[in-house]
Number of protein chains: 2
Amino acid sequence: MDDISPIRAKSGTNQEGTSAHNRRVMIEALRLNGALSRADLARATQLTKQAVSNIIEDLESDGLVVALDAVRKGRGQPSTPYRLVPEGAFAIGLHIDRHLTRAVAVDLMGSVLARAEANLPFDEPSKGVEIILELIAGVRRDLAGISSQSEKRLVGLGVAMPGPFGLKDSDDKWMMPAWQKFPLLETLAKGTGLNVGLQNDAAACATAERIVGAAHGVDHAVCLYVGYGIGAGLILNGELYSGGHGNAGEIGMALLAPAGPGSTPLEHRASLASLYQHLGLNPADSDIYEQMNALVLAEDAKMMAWIDGAAHDLRWSVHLIETIFDPQTVILTSGAPEALARRLVEAMHPLLPSIADRPARMLPRLQLGTTDPWSIALGAAAAPISRAFDPLFSAILKTRSAPA
Amino acid sequence: MDDISPIRAKSGTNQEGTSAHNRRVMIEALRLNGALSRADLARATQLTKQAVSNIIEDLESDGLVVALDAVRKGRGQPSTPYRLVPEGAFAIGLHIDRHLTRAVAVDLMGSVLARAEANLPFDEPSKGVEIILELIAGVRRDLAGISSQSEKRLVGLGVAMPGPFGLKDSDDKWMMPAWQKFPLLETLAKGTGLNVGLQNDAAACATAERIVGAAHGVDHAVCLYVGYGIGAGLILNGELYSGGHGNAGEIGMALLAPAGPGSTPLEHRASLASLYQHLGLNPADSDIYEQMNALVLAEDAKMMAWIDGAAHDLRWSVHLIETIFDPQTVILTSGAPEALARRLVEAMHPLLPSIADRPARMLPRLQLGTTDPWSIALGAAAAPISRAFDPLFSAILKTRSAPA
DNA sequence: TAATTAAGTCAAGCGAGTTGACTTAATGCA
DNA sequence: TGCATTAAGTCAACTCGCTTGACTTAATTA
């Protein structure tokens, strides 16, 4: 039996941890700066030229980096820049939503190489998981067609679905109660043989923005995701923060006032679900996206009214987020058509005053992130990549070996 | 000139980083578990007995740990537990407030060994800093009288004062504008020869709760501090989070509604400043504490009305904090008399529903923390201790050596 | 052409955790 | 009583990964 020791302590580290950290630091540096020579890397990471040389040699033989042509830039021996090899690693991302599921395969750089989607029967996980496993197998086959190395270099499967997770049983259909109870991760792990990780949809959006979007290289950012529900993905100190129980950022359930008639959850005012209800749309319609787009372009009165109302609450949400987190930037992403998201951001201006309203800002207080409906699946896929290659505190620690 | 390289990268690490981390892990384990044998530590930290033995030997010769009597607990050689030596390190904490300043000296365990306070002329830093330096010199002398090692083992000076910091110039007297502009840290560093760090008062409160209070050993906690203003100290992943520009948690400026008449800052409703105003008290009165206490004990109608009003907004603040951070617990601390803080917490119940309302909680959703008016100074002092001895990601990284 | 500058390599060194055998000192059972 | 068992802790050789300092290579500049 694996009874846990009552002693509380963090794990120690050793040379393996050192090496793992340094490799990750190199990879991140190349990711953020495009291409760097060994000498550049040595200066940037504070390591010696020799240490960097050894690590780069390692990474090159692992197929994670390649040398580019030498460049002459003044006196001295020309430097040989290295860059990441996109095909150095792959991951699968899965987005499970109420009526739909999407799977993508991405490479180390976060480029989507294969994608597939399917309808899901509502809240019937035992049927749904069959569909999902087939979907995953599909993109995995597609990926194998692109790279013969794909299976060997597959670092994991990331799953994103609406949270929150692990609360008390709910009959709220909104919450997909059957999925909440279903042993999803175990089933997927068994069905795919991959490492599986879970995050909520907003966190996945933030992960996507960080790997290829507006949060690239930004260590303190909050990503507001306006989808069927609404949530916030938190990038704090360069890592995704998920709270004591994995539900940080689930702001859809935040009440808009302490009591009284205004005390409704944010989700009821500023989410696509609220939009569908306001406009009498059916989210199961296959052309729902086009319907929304048309209404925005036509400046439909009811649509505009919803935008104004949602913007009113979102403007305030941004104010609260800035006041609480003091981020470098807030990114608004959405599952809605880009035109709608853009109108929403415009309607949120002017922003409320806050501590973010400082003299020398590098980044805008609020920016529009991606509105690609595949971005949640992309973010889900980016999570295992990040776990495997980003410099994380947890990555230096010794891992508890499985008990005999 | 120290022009910063345009290359963005994290710093690498080496054996020194490994060793530093492991020492810190040992210290934290002893702090959290009281006393542990080398074998216990080896199991808890995943290191080998031998590695632990070497580290403990080191720490012992550095005077940071001592062996206790061997204990027999079943078969096998008796184990020799070790515990932290309180006199292993000291730090000075400084609390600067609008009319008052306090300094304390603490040991490694967070026990206050010396304390002193003085009045400050309002918002006149050039005069104030003289008083402060003298105050610090005083507790430093007292400390030297207690331990001959004190100077050698002094790890730094922590400063806590009301934030936010670094915003655009303000004429708001509330913000202590002259202090905002004054080069405080440089002056104190020069005047004391110590390493100086700064945090806001709520962060200091959280640091205090973490070293000796309700957040001891809790990795995800939010500490609401109701003082002259109101703020939140954020313990995330076991470290204090201070945001992109050091102002995370400054929720006093959070507006209570997106627009309209209810759109006032939280600080105007739930802070001691608002209480003073509501009751017509003068915060500069020397017996203000007793006055408040008497009013609470007498159940004065205006006092009770203020408590109800503040509790109304605070209840909602807790709801928002839980929804955003998903912490293990929320701690309410205050500069007010304990009776008042206790009534406030009582008045906040029942709490609003939130994701924190989960089946198997280990810790209460809301608990009353310390109301000792010295706790901010204590937290300020705990910050350099934490920087020096807690396992932090930053502690493993190589530090950029000062340019020639 | 020679001096200068910078990238990158070589080989020895060193520090910190690891390994496996050993010692010490209890308990438990015959 | 005596011996097997169990667990704490030590010893000494080892390994791994970064460091050091000298050296090589290849460009620019005077």
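So that the names make sense, note that chain A is the first sequence line, chain B the second, and so on, each numbered from 1.
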- Item | Ionic contact status for Lys10(A) with Glu28(B), cut-off 4.0 Å | yes
- Looking at Arg72(A), does any N or O in its side chain come under 4.0 Å of the phosphate oxygens OP1/OP2 on dA6(C)? no
- Spacing between Leu47(B) atom CG and dA16(C) atom C1', to the nearest angstrom: 11 Å
- Task: Quickly work out the Glu57(B) CD to dG15(C) P distance and round it to whole Å.
- Result: 16 Å
- Message: Can you classify the ring geometry of Tyr241(A) versus His220(B) as parallel (below 30°), tilted (30 to 60°) or perpendicular (above 60°)?
- Response: tilted
- Item | Phosphate-side-chain proximity, Lys49(B) and dA21(C), N/O vs OP1/OP2 below 4.0 Å | no
- Atom-to-atom span, CD1 of Ile396(B) to C1' of dA16(C) - whole angstrom: 15 Å
- Would you check if there is a donor-acceptor pair between the side chains of Thr13(A) and Thr18(B) at a distance under 3.5 Å? no
- For DNA chain C, determine which residues of residues 74-84 of chain A have any heavy atom closer than 4.0 angstrom to one of its atoms, and list them numerically. Arg75(A), Gly76(A), Gln77(A), Pro78(A), Ser79(A), Thr80(A)
- Note on the structure: Rounded to whole Å, the CZ-P distance (Arg43(A) to dA6(C)) equals 9 Å
- Would you jot down, in residue-number order, the residues of residues 19-40 of chain A having a non-hydrogen atom under 4.0 Å from DNA chain C? Ser37(A), Arg38(A), Ala39(A)
- Task: Nearest whole angstrom, please: distance from the C1' of dG15(C) to the NZ of Lys398(B).
- Result: 14 Å
- Item | Side chain Arg153(A), main chain Ser148(A), donor-acceptor under 3.5 Å | no
- Query: Looking at CG of Leu47(B) and CZ of Arg38(B), how far apart are the two atoms once the value is rounded to the nearest 0.5 Å?
  - Reply: 14.0 Å
Dump the pairs, protein N or O against N or O of nucleotides 10-13 of chain C, anything under 3.5 Å, distances to one decimal.
residue	atom	partner	partner atom	Å
dC10(C)	N4	Gln50(A)	OE1	2.5

- Task: Could you pick out which residue, Lys73(A) or Thr48(A), lies toward the 5' side of DNA chain D when each is mapped onto its nearest nucleotide?
- Result: Thr48(A)
- Task: Look up atom CZ in Arg31(A) and atom CG in Asn33(A), then write down how far apart they are to the nearest 0.5 Å.
- Result: 12.0 Å
- Message: Distance check needed: dG15(C) C1' versus Ile55(B) CD1, whole Å only.
- Response: 13 Å
- Query: How many angstroms lie between OG in Ser242(B) and CZ in Phe325(A), if you round to the nearest 0.5 Å?
  - Reply: 13.0 Å
- Rounded to the nearest 0.5 Å, how far apart are CG of Leu157(A) and CG of Leu185(A)? 9.0 Å
- Item | Spacing between Leu397(A) atom CG and dG17(C) atom C1', to the nearest angstrom | 15 Å
- To the nearest 0.5 Å, tell me how far Ile7(A) CD1 sits from Leu41(B) CG. 7.5 Å
- Query: Is any NZ, NE, NH1 or NH2 atom of the basic residue among Glu151(B) and Arg140(B) found under 4.0 Å from an Asp or Glu carboxylate oxygen of the other?
  - Reply: yes
- Would Arg23(A) and Asp58(A) pass as an ion pair if we require N to O under 4.0 Å? yes
- Report yes if at least one side-chain N or O of Asn14(B) is closer than 4.0 Å to OP1 or OP2 of dG17(D); otherwise report no. no
- Task: For Asp69(A) and dA27(D), give me the distance from atom CG to atom P, rounded to whole Å.
- Result: 13 Å
- Query: Can you find a side-chain donor-acceptor pair between Ser37(B) and Asp40(B) that sits under 3.5 Å?
  - Reply: yes
